[in-house]
Amino acid sequence: MKITLKDGSVKEYPQPMSVFDIAKDLSEGLARAACAGVVDGETEDLRTVIDKDRDVNICTANDPEGLAALRHTTSHVMAQAVKRLYPEIKLAIGPSIADGFYYDVDSETPLTAEDLEKIEAEMKKIVKEAYPIERFTKPREEAIAYMRERKEPYKVELIEDLPEDAEISFYQQGEFVDLCAGPHLMSTKDVGKAYKLTSLAGAYWRGNEHNKMLTRIYGTAFGKKAELDAYLTMMEEAKKRDHRKLGKELGLFMMHEAGPGFPFFLPKGMALKNTLLDYWREIHRKAGYVEIASPIILNRRLWETSGHWDHYKANMYTTVIDEEDYAVKPMNCPGGVLVYASEPRSYRDLPLRMGELGIVHRHEKSGQLHGLMRVRCFTQDDAHIFMTPEQIKDEIMGVARLIDGVYSLFGFQYHVELSTRPEDSMGSDEDWEMATEGLRTALDELGLDYVVNEGDGAFYGPKIDFHLVDAIGRTWQCGTIQLDFQLPQRFELEYMGADGEKHRPIMIHRVAFGSIERFIGILTEHFAGAFPTWLAPVQVKILPISDKFADYAKKVKEAMDKAGIRGEIDLRSEKIGYKIRSAQLEKIPYMLVVGQKEEEEGVVAVRSRAAGDEGQKPLSDFIEDIKKEIQSREIRVMEKKEE
RNA sequence: GCUACUGUGGCUCAGUCGGUAGAGCAAUUGAUUCGUAAUCAAUAGGUCAGGGGUUCGAGUCCCCUCAGUAGCUCCA
């Protein structure tokens with residue numbers, strides 16, 4: 001028989017061979033990760049025997065399927081080690097995931113970090129013992145009885161959910177058997193040495209918060225030790241750019257027990273925030289938006305009309321004032337609606353794009369707070385667009401382009417999701433259908449790729465979400481575009497049409513940054529605190545060589561103030577090297593070293609964070625250059641330097 | 001909210017078997033006046049998150065509360 005491999009090469013064998021045997025034959029390296037044998041594009045069992053000429057796609061650890069099978073096998077080895085050390089522990093599920101694998105287990109006594117070490121040591125033995133991994137199947141009823149006998153209640157539950165006529169597959173390695181669809185490596189020895197157990201956490205059985213919480217053991221595995229090391233180093237690097245750490249070091253924001261989840265912005269963080277807001281106002285002015293501000297606290301009747309009292313109360317801060325119920329706004333939309341309704345509107349006014357940098361408060365559960373990324377009080381760069389049905393598509397496309405422009409400016413990668421009607425929602429089926437189609441059409445027309453999130457929309461309408469990818473590959477929802485037929489109805493909004501009749505407008509809710517706080521968190525990690533000059537809280541630090549040049553330094557600072565450049569002077573009696581070091585650690589884009597030469601000639605010695613010493617320049621030239629850089633919102637990439 | 005872990009000067013951390021709190025950086029003061037990533041010295045700074053318990057004695061052991069961290073669930 002003759003087989004054609006994925007790489008195009010052709011191999012001939014005198015007799016039928018299994019996918020595994022072929023992989024094994026090819027080379028040591030391939031065999032090791034020849035886990036997910038793919039024949040004719042279909043994943044098949046590794047023992048699938050190939051008896052005639054075919055195309056065979058053998059994975060290596062570099063292929064996503066191969067890596068997944070390697071990790072999945074590692075999770076089985078881990079489960080085997082856990083059962084050897086703690087036979088009373090019950091196993092739940094153990095899949096491979098984006099960064100590695102996990103196994104959920106049910107343990108009476110909590111596992112500790114020391115247990116992880118023990119488990120790793122036991123895994124090492126199992127790998128060394130080189131058990132062949134064998135697959136076998138049983139009919140459903142037999143499979144249930146089998147797992148009952150082995151005292152694995154979670155496995156029993158899993159099998160019970162499978163169809164009655166299902167043939168259940170198991171994988172065995174030595175004394176260990178696990179319910180599993182596969183595929184796996186051929187032997188425990190193929191797991192190799194490039195694996196590590198990374199952390200312990202809780203996780204609900206089947207992801208349902210009403211179920212028991214199990215212990216989740218996380219780990220990761222790679223084809224090569226060097227790749228594992230690179231991954232671990234990358235995670236260490238990511239920790240260094242954590243916005244909570246940098247936020248403290250750079251004096252951007254702080255948290256206080258007095259208000260868990262309510263961030264305090266420090267002067268430098270506020271400078272950054274205001275710069276972002278200036279940018280936001282500029283692009284929105286250009287895109288034809290007007291700006292409003294609506295009150296933070298509004299009464300219960302309003303929230304009942306909007307539907308929030310029924311659908312969002314669990315997350316709202318409420319209070320009683322003069323015997324009337326009030327709520328702190330968790331969203332800005334009702335305020336925007338009231339402004340729309342404050343005067344008669346004509347079709348000539350539409351689309352009416354009304355922006356609001358609205359501060360909202362939401363009572364998030366304590367465990368979900370996370371620095372600036374998840375807070376209880378945040379600023380939404382909100383806008384509500386009121387329009388006619390004919391304007392829907394163009395408006396959505398306009399918003400999507402605006403959001404794309406914002407993300408591109410910072411060099412962000414993002415992906416798009418379309419979320420449809422949730423269970424707890426209001427409005428008619430037809431409205432939901434129409435709104436969802438409107439969003440879908442706009443996305444298709446823009447040629448944007450998106451995934452659909454069934455049942456993930458807001459209670460008043462479907463939405464398009466923009467998810468940014470952060471420094472360690474996590475994604476955060478930032479921008480959203482939501483189409484809403486409900487609020488205009490509930491508030492009986494109208495406009496006078498060209499036909500002289502009253503019509504109901506349609507509404508878009510949208511944000512670009514999403515939450516300014518979250519966006520600042522993501523920006524901080526994205527730039528590792530080294531913000532581009534236009535955003536940097538301090539753009540220039542003036543460093544006099546000695547106290548004698550303090551006066552000239554002050555003159556330079558005044559020139560900065562006058563030019564609208566954010567500058568500071570370091571007047572400490574320290575040596576220039578020390579001042580440079582501290583300015584560099586503060587990640588300030590430009591340092592101006594001034595001494596005798598500079599004072600006499602009216603120049604400054606420029607040192608940039610990115611490129612180091614850039615030589616002398618007349619002060620006026622420097623100001624002109626930096627103003628240009630700020631205006632263009634250019635990103636000068638920071639070069640790798642030791643710290 | 002749930003599971004596990006953590007909480008010691010402004011920051012980063014040490015503190016042994018339960019014996020009465022320590023370092024570096026930062027700050028302040030003094031000396032130094034210096035040319036591109038750390039000058040020297042002195043001083044000040046802590047109800048060991050808060051409360052309760054065990055003990056002759058608790059930063060250390062136990063319980064409760066609060067806050068934080070990882071993940072789950074939920075979300076911008």
Side-chain angles (χ1 to χ4, degrees), chain A residues 102 104 106-107 109-113 115 198-218 242 244-245 248-249 251 254-261 312 314-315 330-331 360 362-376 378-382 419 456 458 463 465-468 476-480 482 509 511-519 521-522 543-550 572-585 591-598 605-609 612-616 641-643:
Chain A
Y102 66 79
D104 283 347
D106 186 1
S107 172
T109 50
L111 292 171
T112 63
D115 291 320
T198 48
S199 65
L200 282 164
Y204 297 109
W205 167 234
R206 307 198 126 180
N208 185 328
E209 67 178 315
H210 301 296
N211 287 345
K212 183 168 185 183
M213 181 150 282
L214 308 174
T215 305
R216 178 168 292 181
I217 310 173
Y218 280 96
D242 189 309
R244 291 166 299 186
K245 182 174 148 64
K248 192 182 265 178
E249 286 171 6
M254 63 174 225
M255 292 292 182
H256 196 276
E257 279 190 29
Y312 208 75
N315 279 326
M331 297 184 195
V360 297
R362 298 182 185 177
H363 182 70
E364 301 292 349
K365 294 183 206 163
S366 59
Q368 26 216 46
L369 301 176
H370 180 98
L372 287 181
M373 303 292 206
R374 204 57 197 281
V375 290
R376 285 175 169 156
F378 58 99
T379 314
Q380 285 187 309
D381 63 316
D382 217 341
S419 298
D456 228 18
K463 57 180 185 175
D465 297 327
F466 293 77
H467 295 252
L468 286 188
W476 296 95
Q477 186 183 321
C478 290
T480 77
Q482 311 181 352
H509 310 241
V511 287
F513 292 131
S515 138
I516 306 296
E517 285 72 8
R518 173 178 291 182
F519 204 80
I522 296 171
L543 312 178
I545 298 268
S546 79
D547 296 351
K548 283 189 257 174
F549 312 106
R572 294 174 297 181
S573 326
E574 295 287 352
K575 295 211 263 194
I576 194 65
Y578 181 88
K579 294 184 185 182
I580 288 172
R581 180 180 153 80
S582 34
Q584 192 78 42
L585 292 177
M591 290 157 253
L592 299 182
V593 177
V594 294
Q596 189 166 2
K597 272 183 283 177
E598 287 75 16
V606 181
R607 186 190 164 94
S608 82
R609 167 185 75 190
D613 196 346
E614 295 188 346
Q616 290 185 345
K641 288 233 167 170
E642 51 82 42
E643 297 213 342

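In the text below, chain A, chain B and the rest are named by the order of the sequence lines, each starting its count at 1.
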ask   = When you check the phosphate oxygens OP1 and OP2 of A70(B), does a side-chain N or O of R244(A) lie under 4.0 Å from one of them?
value = yes
key: Proximal nucleotide (of A76(B), U33(B), G35(B)) relative to the K548(A) side chain   = U33(B)
ask   = Are OP1 or OP2 of G1(B) and a side-chain N or O of S366(A) less than 4.0 angstrom apart?
value = yes
Pairwise P distance, A31(B) and A49(B) [rounded to whole Å] = 40 Å
key: Separation between OG of S515(A) and CD of Q477(A), rounded to the nearest 0.5 Å   = 11.0 Å
task = Have a look at R216(A) and say if it touches a base, only the backbone sugar-phosphate, or nothing, with a 4.0 Å heavy-atom cut-off.
result = sugar-phosphate
remark   = The residue, V594(A) or S515(A), whose nearest nucleotide of RNA chain B is more 5′ is V594(A)
inquiry  = Closest approach to the side chain of D456(A), judged atom by atom: which nucleotide of A70(B), G1(B), C75(B) is it?
reply    = C75(B)
message = Taking only the C1' atom of each, what is the distance from C17(B) to G24(B) in whole angstrom?
response = 28 Å
task = Report which part of the nucleic acid G595(A) touches: base, sugar-phosphate, or nothing (heavy-atom distance under 4.0 Å, all strands).
result = base
key: Rounded distance in Å - CG (D613(A)) to P (G35(B))   = 14 Å
query = Taking atom types as they are modelled, is there a donor-acceptor pair under 3.5 Å from the base of G1(B) to the side chain of Y204(A)?
reply = yes
task = May I have the step-by-step check of salt bridge (charged side-chain N to carboxylate O under 4.0 Å, His left out) for D613(A) and R607(A), ending in yes or no?
result = CA-CA 4 Å; D613(A) 196 346; R607(A) 186 190 164 94; 5.9 Å; no
query = Atom CG of L369(A) to atom C1' of C75(B): distance rounded to whole Å?
reply = 11 Å
query = How would you label the contact of G207(A) with the nucleic acid (heavy atoms, under 4.0 Å): base, sugar-phosphate, or nothing?
reply = sugar-phosphate
note = Protein-proximity profile, nucleotides 3-14 of chain B, B/S/- by nucleotide at the 4.0 Å heavy-atom cutoff, equals BS-------S--
request  = For E364(A), check side-chain hydrogen bond (donor to acceptor under 3.5 Å, both in side chains) against everything at least two apart and list the hits.
outcome  = R374(A)
inquiry  = For a quick test of reading the model: is some side-chain N or O of H210(A) closer than 4.0 Å to OP1 or OP2 of C2(B)?
reply    = no
note = Value for CE (M591(A)) from OG (S582(A)), rounded to nearest 0.5 Å, stands at 9.5 Å
ask   = Expressed in whole Å, how much space separates the P atoms belonging to C74(B) and C66(B)?
value = 24 Å
request  = Just call it for A113(A): base, sugar-phosphate, or nothing, with non-hydrogen atoms closer than 4.0 Å on any strand.
outcome  = nothing
request  = Test E249(A) against R244(A) for salt bridge (charged side-chain N to carboxylate O under 4.0 Å, His left out), laying out the working first.
outcome  = CA-CA 9 Å; E249(A) 286 171 6; R244(A) 291 166 299 186; over 6 Å; no
task = Using the six-membered ring for Trp and the full ring for Phe, Tyr or His, decide whether W476(A) stacks on the six-membered base ring of A76(B) (centres under 5.5 Å, planes under 30°).
result = no
query = So what does E598(A) hit on the nucleic acid, given a heavy-atom distance under 4.0 Å: a base, only sugar-phosphate, or nothing?
reply = base
ask   = Quick one: does R374(A) reach the base of C75(B) with a side-chain donor-acceptor pair under 3.5 Å?
value = yes
message = Categorize V360(A) for me: base, sugar-phosphate, or nothing, with a 4.0 angstrom heavy-atom threshold over every strand shown.
response = nothing
remark   = Side-chain contact check for Q584(A): nearest option of G35(B), C34(B), A37(B) is A37(B)
remark   = Quick note, P260(A) side chain, CB onward, closest among G68(B), C72(B), A70(B) is G68(B)
d(CG, N211(A); P, C2(B)) in whole Å = 16 Å
ask   = Can you tell me how far C1' in G9(B) sits from the matching atom in G59(B), rounded to whole Å?
value = 14 Å
Whole-Å C1' distance, A14(B) and A23(B) = 7 Å
request  = For W476(A) and H370(A), run ring-ring contact (aromatic ring centres under 6.0 Å, His included): C-alpha distance rounded to whole Å, both residues' side-chain angles, the deciding distance at 0.1 Å, then the answer.
outcome  = CA-CA 12 Å; W476(A) 296 95; H370(A) 180 98; 5.8 Å; yes
query = For K575(A) and C40(B), what is the distance between atoms NZ and P respectively, to the nearest whole Å?
reply = 8 Å
ask   = Under 4.0 Å between a side-chain N or O of R572(A) and OP1 or OP2 of A27(B)?
value = yes
ask   = Roughly how far, to the nearest 0.5 Å, is CG of L585(A) from CZ of R609(A)?
value = 12.5 Å
key: Pairwise P distance, G15(B) and U60(B) [rounded to whole Å]   = 15 Å
request  = Name the nucleic acid region contacted by K463(A), choosing base, sugar-phosphate or nothing; use a 4.0 angstrom heavy-atom cut-off, strictly under.
outcome  = sugar-phosphate
request  = Report which part of the nucleic acid Y218(A) touches: base, sugar-phosphate, or nothing (heavy-atom distance under 4.0 Å, all strands).
outcome  = sugar-phosphate
Gap in Å between the two C1' atoms, one belonging to U8(B) and one to U47(B), rounded = 12 Å
inquiry  = I need the CD-P distance between Q477(A) and A76(B), as an integer number of Å.
reply    = 5 Å
ask   = How many Å lie between CD1 on I580(A) and C1' on A38(B), as a whole number?
value = 12 Å
task = Describe the nucleic acid contact of I576(A) in one word from base, sugar-phosphate, nothing, applying a heavy-atom distance below 4.0 Å.
result = sugar-phosphate
remark   = Whole-Å distance, F513(A) CZ to A76(B) P, equals 18 Å
note = Interatomic distance, CZ@R518(A) vs OG1@T379(A), rounded to 0.5 Å, equals 13.0 Å
inquiry  = With a 4.0 Å limit, can you tell me whether Y578(A) has a side-chain N or O closer than that to the phosphate oxygens OP1/OP2 of A26(B)?
reply    = yes
message = Heavy atoms from C-beta onward define the side chain here; which of U73(B), C75(B), A37(B) lies closest to that of R362(A)?
response = C75(B)
task = Tell me what E574(A) touches on the nucleic acid: a base, only sugar-phosphate, or nothing, going by heavy atoms under 4.0 Å.
result = base
key: Polar side-chain contact Q368(A)-C75(B) base: donor and acceptor under 3.5 Å   = no
inquiry  = Between G53(B) and C72(B), how many Å separate the two C1' atoms, rounded to a whole number?
reply    = 34 Å
request  = May I have the distance from Q380(A) (atom CD) to A76(B) (atom P), rounded to whole angstrom?
outcome  = 9 Å
query = Within the structure shown, what part of the strands sits under 4.0 Å from V593(A) by heavy-atom distance: base, sugar-phosphate, or nothing?
reply = base
ask   = How long is the span from the OG atom in S608(A) to the CD atom in E614(A), to the nearest 0.5 Å?
value = 3.5 Å
ask   = Between C75(B), U33(B), U39(B), which one does the side chain of S573(A) approach most closely?
value = U33(B)
query = Within the structure shown, what part of the strands sits under 4.0 Å from E249(A) by heavy-atom distance: base, sugar-phosphate, or nothing?
reply = nothing
message = Let me confirm one number: the NZ-CD distance from K365(A) to E209(A), rounded to the nearest 0.5 Å.
response = 4.5 Å
inquiry  = Using a 3.5 Å limit on both distances, find every run of at least three consecutive Watson-Crick or G-U pairs that involves RNA chain B.
reply    = B:1-7 with B:66-72, B:10-13 with B:22-25, B:27-31 with B:39-43, B:49-53 with B:61-65
